Every structure is written in structure tokens, then in C-alpha cells.
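Working notes, structure below.
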There are 2 protein chains.
Amino acid sequence: MARWEPNARERLGRAALDLFVERGYEATTVAEIADRAGLTKSTFFRYYADKRDVLSAGQDVLMEAFGDAIRKAPAETTTVGCIALALDAAAAAFTPDRHDIAPKRRAVVAANSELQERELLKSALLTSTMAEALLERGVEKMTAQLAAELAILAFGITYARWSEPENQQPYADIARVVLGELQERAAALGADTFDSV
Amino acid sequence: MARWEPNARERLGRAALDLFVERGYEATTVAEIADRAGLTKSTFFRYYADKRDVLSAGQDVLMEAFGDAIRKAPAETTTVGCIALALDAAAAAFTPDRHDIAPKRRAVVAANSELQERELLKSALLTSTMAEALLERGVEKMTAQLAAELAILAFGITYARWSEPENQQPYADIARVVLGELQERAAALGADTFDSV
């Protein structure tokens, strides 16, 4: 049996990200990642399917967390309340010790068009996961679709503010503020007139 | 000099779509598309870069039309008014004689995961094109982002209703109704409370 390695998943993830930044995503091999983390290739493959998986695994976790939070919300929770709970669930992944990961991750993705496409597709999947979870609660279809778009915007804006170098606020606090700001915009767009056009 | 071929672009597009439906997207060649349209391969390449371009060319036209409509809207136009004008511009592409194309196109894309990814990416590009055009008008950033998401939703829902076999309404009329419906949802989401969560 394999030796138990404390925190192997996190160590591999950080080693991979550092190497992607230093050498580029394409040029980095799984062997190098394992080596940098002080682990073996076979340990790597216990946690990740391939090097791309290191970057997308977190999004899969998020997707499940978002969907679960919405499905398990009390029956009386409003639609925006469900989004707030989904963002609270995401906060578990955005702890202060992971703060330094965000700018590295952004730099790696920005340098590779295939990874950018992956991000967009994952974001579309996150959106439809939330829309479906809202539909399952009986939220009307167009409301569910628009709410899911609002949620994914809130998620992205919150992440950007949370990962700013000077930020000290916890993710969940920022998320509530952003959600409120987006609600203001939604109300204003709802009140816009355009018949005179 | 090449002989002038009436309506070659449209003929090639329709021939390609019919072949994609009959034989599958992967199995269809450019030579077969040209042959079905009664044209030559070199004529095909005057209009399209490759067979994938037949499916995405329309989206490029839309992207330009959306961006232009928003940029050229009178200064006093509201944000939702700009979206209405963008959808009006899209209506030029959705004339009654093109009604039969929608279900074929949908079937081809649904059968191919690479094409589905392309669609999602194009949709993300359409959204950011609209958000940027709104920003250029001086619309505040979060409003521009949310409005662009609302616009792309309105576009998709309008297209789905317009392409239903029994539909007789023009695209632009449906678009105005959908936009109003989405505004109602936006207003309701803006008014949701969630502090008690």
C-alpha cells in the first residue's frame, strides 16, 4: 500500500501552479510536478487525471457545492437567497491561505487559449448547474435562467475582489455585498423604458 | 475570373447543413458540399474558410451587428433600449425564409460535442462584445455586464420561440416581448430579500 502523504493534493496543486507560472503550462510534465511536490507520479495520478485536471478540479468541486446549496436551501428561501447560499458554499474553497493562488492561476490561464476556452466552458456549466437546481425547486424557467446568470456574475466579481492583493475581507462577506450591488442593477434594468426607441 | 454565381453563399450554407444532417458533420467533405450546391470547391473557399465556418459565420455577422447597434444608438437610449436595438439588428438575419434552418442547425450542433463547445464560446464572445459596447457608451461596469447577460438570454429565448415550427411572428416582435418578460424577472430578483438566510 502507498504511504500516506499529508496534504498531497494541495501540495501537488501548488507545485503544478508554480511550475505552470515558471515554465509555462505546455512545457510542464506530470513527473516535474510530482518531483517539485516531493511525491511520486503515481501519487499524482491518485489525485488528478492529468495536468489540466489540476486547474479544473476546483471548478468541479464548486459546481457540486453550488448545486447542493441551492437544492438543500429551506423551502421558503427566495431565489436570490439561494444564490447567497451557493456563494456561501463556495467560500469554503476561498480561505485566506489560498489567496496567493488566484493571481498565479489567472496568469497561467491568460497565457493559454485552450485553458481560456476551458474556463469559459466550465463557467457555462456552472451557470446551467445553478439554473437546473433552481428549476428543481420550482423556480419559473426564465427567472431561473436570469438568476443563474446573475449568480455567475456575482461569483466572478466576488472572486476578483477577494483575490486583490490588498484585500483582507472574507469571501462570503464580499459575496453578500456584490450580490446586493447586482440586485440594484437588476432592479434598474427592470425599470428601464425602451418603447420610445 | 470566376463566374458570378447567384446567391452562392446561401446555397453553399444550405447544402452544407443538409449534408451535415444526412451524413453527420464529421463525415461531410467540402467537395461534397460544393457538389450538392452545384458549385466548385474553389467557390466554396471564396465564401467560407472551412466546413466549420459554415456554422459559425452567422455568429460573426451577429456579433458585429450587436456591437454596431449598441455603439450607434442615440445618446439618450437607455441600456435596455440599446439591447432592444441590438436584437432588432439581429432580426435581419432571421427572416421567414430562413425559418427551416434553425431546427437543422440545432440537430447538427446537438450531435457533436466540439460544435457545442464552439457555440458556448461564441455565445460568451457575443456577451462580452455587448458588454464592451455598453461600456464604451459610458454604462457603469456591473450594469453593462448584467445587461449583456440579459441580452444574450433574450437572444437565445427569442431564437427558440421564433424557430418553433408553428411560429408566425417576426423575430423583432418576439424579441420585444421576451425583453419585457426578462425585465419583469430582473425587477423581481432585484426586490428579493435574503438577509434572513
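Every chain is numbered from 1, with letters handed out A, B, ... down the list of sequences. Source: prediction; values computed, not measured.
Criterion: ILVMFWY side-chain heavy atoms under 4.5 Å apart, direct or through other members. Under it, Val54(A) and Val61(A) are not part of a common hydrophobic cluster. Cluster annotation: Val177(A) is not connected to Tyr171(A) through the hydrophobic network of ILVMFWY side chains, with a link wherever side-chain heavy atoms come within less than 4.5 Å. A continuous path of ILVMFWY side-chain contacts below 4.5 Å connects Ile101(A) to Tyr47(A), so both sit in one hydrophobic cluster. Side-chain heavy atoms closer than 4.5 Å link hydrophobic residues (I, L, V, M, F, W, Y) into clusters, and following such links, even through other members, never connects Leu135(B) to Leu85(B).
Glu64(B) CD: 12 or fewer foreign heavy atoms inside a 6.0 Å radius. Lys104(A) NZ: more than 12 foreign heavy atoms inside a 6.0 Å radius. The local environment of CD in Glu114(A) is crowded, with over 12 non-hydrogen atoms from other residues, nucleotides or ligands closer than 6.0 Å.
Side-chain contact check for Met142(A) versus Leu182(B): some heavy-atom pair is nearer than 4.5 Å. With contacts defined as side-chain heavy-atom distances shorter than 4.5 Å, the pair Arg185(A)/Glu140(B) qualifies.
With chain A as partner, the option from Ala187(B), Ala73(B), Pro74(B) having the largest number of non-hydrogen pairs under 4.5 angstrom is Ala187(B). When the candidates Ala186(B), Gly180(B), Ala191(B) are compared by the number of heavy-atom contacts under 4.5 Å with chain A, Ala186(B) comes out ahead. Residue with the most contacts toward chain B among Leu121(A), Leu120(A), Leu150(A): Leu121(A) (heavy-atom pairs, distance under 4.5 Å). Heavy-atom pairs under 4.5 Å with chain B peak, among Leu153(A), Val178(A), Asp192(A), at Asp192(A).
For Ile157(B), the part lying under 4.5 angstrom from a heavy atom of chain A is the side chain only. Heavy-atom distances place no part of Glu184(B) under 4.5 Å from chain A, backbone and side chain included. Looking at Leu146(A), the atoms closer than 4.5 Å to chain B (heavy atoms on both sides) sit in the backbone and in the side chain alike. Interface residue Ala124(B): only side-chain heavy atoms are found under 4.5 Å from chain A. With a 4.5 Å cut-off on non-hydrogen atoms, Glu181(B) touches chain A through its backbone and its side chain both.
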Note to self: Determine whether Thr193(B) and Thr78(A) satisfy the following criterion, side chain to side chain contact (heavy atoms under 4.5 Å, CB included), listing intermediate values before the conclusion.
What the structure shows: CA-CA 7 Å; Thr193(B) 51; Thr78(A) 63; 4.3 Å; yes
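Separation of atoms CD1 (Ile152(A)) and CD (Gln145(B)) is listed at 12.5 Å; rounding is to 0.5 Å.
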